[in-house]
Amino acid sequence: MSRLRIAFVNAAHEGDATRRNFRRELDADLVEFDATGGELPESLDFDGVVISGSRSSVYWDEEWIEPTREWVGEAVEAGLPCLGVCWGHQLLADVLGGEVRDMGEYEIGYREVERTSESVLFEGVDDRFTAFTTHSDAVAELPPGAEELAVNDYSNHGFRKGHAFGVQFHPEYDMATAEEVTKGKDLPDERLQRVLDGIHEENYDAACEAKIVFENFCEYAREVRDADAETDAAAA
């Protein structure tokens, strides 16, 4: 069976760590596009789409955001399996008719998230699990017809609509990325130190459970690809 070919829409302005993390976690051939640099796929010839986090907000007026939104919308409309992480989660919600808003506060650090429904994306993940979070925007209203998958006391942390899945937390982070991102935040020193103190092996090991969402997404994309191939063969 051939490997998945996934369009990786890298929305991180400095994307080296993001590239490293997603390439480590996804069992697929990633074709990367630097969205913030104006790079987007010229076709939909992929088995799936993964959209990364970003330091931008989906509602900002930056010249790269609208073209990215339009291409992702085309991918969703074409029925490609899509997985959005953090900013990608918010972008998918926006594309599908949901609402993204500034929370007025910041969630950051290893936090507990609760599953709210059964989903192929979270198969093998406990009902309550640990994940690293860093965001000040949130999906305030899910897209019409979307299914809530996970929440915590800050915001929605997972949804699905059709072949599109979003997770607000960062299952791809390693400890080095968590520390680097935390140190770059403009937050009170005392709060940042609490977050940094929480970046240790025990919390990271607990958060590794959530990495299974990548395996589950890839398996789902394979199933969609194979089903489409069977349909095409039957119609030929």
Side-chain angles (χ1 to χ4, degrees), residues 11 18 21-22 24-26 50-55 57-58 81-94 96 98-143 146-161 164-175 177-179 181-182 185 187 191-192 194-220:
T18 300
N21 290 333
F22 279 95
R24 182 186 62 242
E25 301 300 338
L26 285 160
V50 172
I51 311 151
S52 80
S54 178
R55 66 170 181 248
S57 293
V58 298
C82 296
L83 174 64
V85 175
C86 195
W87 185 87
H89 158 86
Q90 296 164 14
L91 183 69
L92 281 173
D94 180 72
L96 291 164
E99 185 174 352
V100 177
R101 292 199 294 261
D102 186 335
M103 297 193 301
E105 56 183 322
Y106 216 101
E107 179 179 22
I108 186 168
Y110 287 106
R111 302 275 302 170
E112 190 171 79
V113 178
E114 181 177 1
R115 293 177 55 184
T116 55
S117 63
E118 296 297 320
S119 170
V120 295
L121 190 67
F122 284 98
E123 285 183 3
V125 179
D126 288 342
D127 290 343
R128 300 182 75 88
F129 61 94
T130 298
F132 195 86
T133 66
T134 171
H135 65 117
S136 58
D137 291 335
V139 177
E141 293 185 18
L142 290 176
E147 179 185 12
E148 179 189 84
L149 302 181
V151 299
N152 71 3
D153 52 356
Y154 277 88
S155 69
N156 173 268
H157 270 270
F159 75 89
R160 175 187 183 177
K161 184 173 183 181
F165 301 84
V167 294
Q168 179 61 65
F169 56 92
H170 283 275
E172 80 281 11
Y173 272 17
D174 53 23
M175 289 175 59
T177 304
E179 182 175 349
V181 168
T182 299
K185 297 304 178 186
L187 293 169
R191 186 178 183 194
L192 288 182
R194 288 200 304 271
V195 175
L196 290 170
D197 289 344
I199 301 174
H200 52 65
E201 289 287 351
E202 183 177 354
N203 278 338
Y204 175 71
D205 288 347
C208 282
E209 176 191 18
K211 291 180 182 292
I212 199 172
V213 299
F214 292 121
E215 180 181 335
N216 290 342
F217 174 74
C218 286
E219 180 59 30
Y220 181 82

message: Show, in sequence, the C-alpha distance, side-chain angles and deciding distance for Asp137 and Val58, and conclude whether the side-chain contact (heavy atoms from CB on, under 4.5 Å) test is met.
response: CA-CA 9 Å; Asp137 291 335; Val58 298; 5.9 Å; no
- prompt: What is the minimum heavy-atom distance between Thr130 and Ala210, and which atoms define it?
  reply: O-CB, 4.2 Å
message: Once ring-ring contact (aromatic ring centres under 6.0 Å, His included) is applied, do any residues pair with Phe159, and if so which ones, sequence neighbours excluded?
response: His89
Inter-residue atom distance Glu112.CD - Asp126.CG, 0.5 Å rounding: 10.0 Å
- line: Looking only at heavy atoms, the pair that brings Ala150 and Thr116 closest together is N-OG1, 3.5 Å
- request: Kindly say whether Glu172 contributes a backbone atom to a donor-acceptor pair with the side chain of Arg24 at under 3.5 angstrom?
  value: yes
task: Check Asp153, Thr133, Asn203 against Arg111 for a side chain to side chain donor-acceptor pair (under 3.5 Å) and give me the one that passes.
output: Asp153
- prompt: Does Leu149 reach the side chain of Ser117, with side-chain heavy atoms less than 4.5 Å apart?
  reply: yes
- prompt: Taking everything shown except Glu202 itself, do over 12 heavy atoms lie less than 6.0 Å from its CD?
  reply: no
Student check: side-chain heavy atoms of Ser155 and His135 closer than 4.5 Å: yes
- prompt: If you round to the nearest 0.5 Å, how far is CG of Leu26 from CD of Glu215?
  reply: 11.0 Å
message: I want to check something: taking the side chain as every heavy atom from C-beta on, are Phe122 and Ile212 in contact at a cut-off of under 4.5 Å?
response: no
query: In terms of ring plane angle, is the pair Phe165 and Tyr220 parallel, tilted or perpendicular, where the classes change at 30° and 60°?
result: perpendicular
- prompt: Looking only at heavy atoms, which two atoms of His170 and Gly53 are closest? And how far apart?
  reply: CE1-CA, 4.5 Å
- line: In this structure, CG of Leu83 is separated from CG of Leu92 (nearest 0.5 Å) by 8.0 Å
Thr18 vs Asn21 side-chain heavy atoms within contact, under 4.5 Å: no
Atom pair CD/CD of Glu118 and Glu147 - distance to nearest 0.5 Å: 9.5 Å
- request: Might you point out which heavy atoms bring Gln168 and Gln90 nearest each other, and give the distance in Å?
  value: OE1-NE2, 3.0 Å
- request: Measure across Glu25 and Phe214 and return the closest heavy-atom pair with its distance rounded to 0.1 Å.
  value: CB-CD1, 3.6 Å
query: Rounded to the nearest 0.5 Å, what separation is found between the CG atom of Asn156 and the CD atom of Glu141?
result: 12.0 Å
field: Among Phe132, Tyr204, Tyr110, the one residue meeting ring pair (Phe, Tyr, Trp, His ring centres under 6.0 Å) with Tyr173
entry: Phe132
statement: In this structure, CG of Asp174 is separated from SG of Cys208 (nearest 0.5 Å) by 9.5 Å
field: Donor-acceptor pair, side chain of Asn216 and main chain of Leu121, under 3.5 angstrom
entry: yes
- request: Please examine the side chains of Ile108 and Leu187, heavy atoms only from C-beta on, and report whether any two atoms are closer than 4.5 Å.
  value: yes
Shortest non-hydrogen separation from Asp102 to Ser136 and the atoms involved: OD1-O, 3.3 Å
- request: Take Glu114 and His157, measure what side-chain contact (heavy atoms from CB on, under 4.5 Å) needs, and give me the verdict at the end.
  value: CA-CA 9 Å; Glu114 181 177 1; His157 270 270; over 6 Å; no
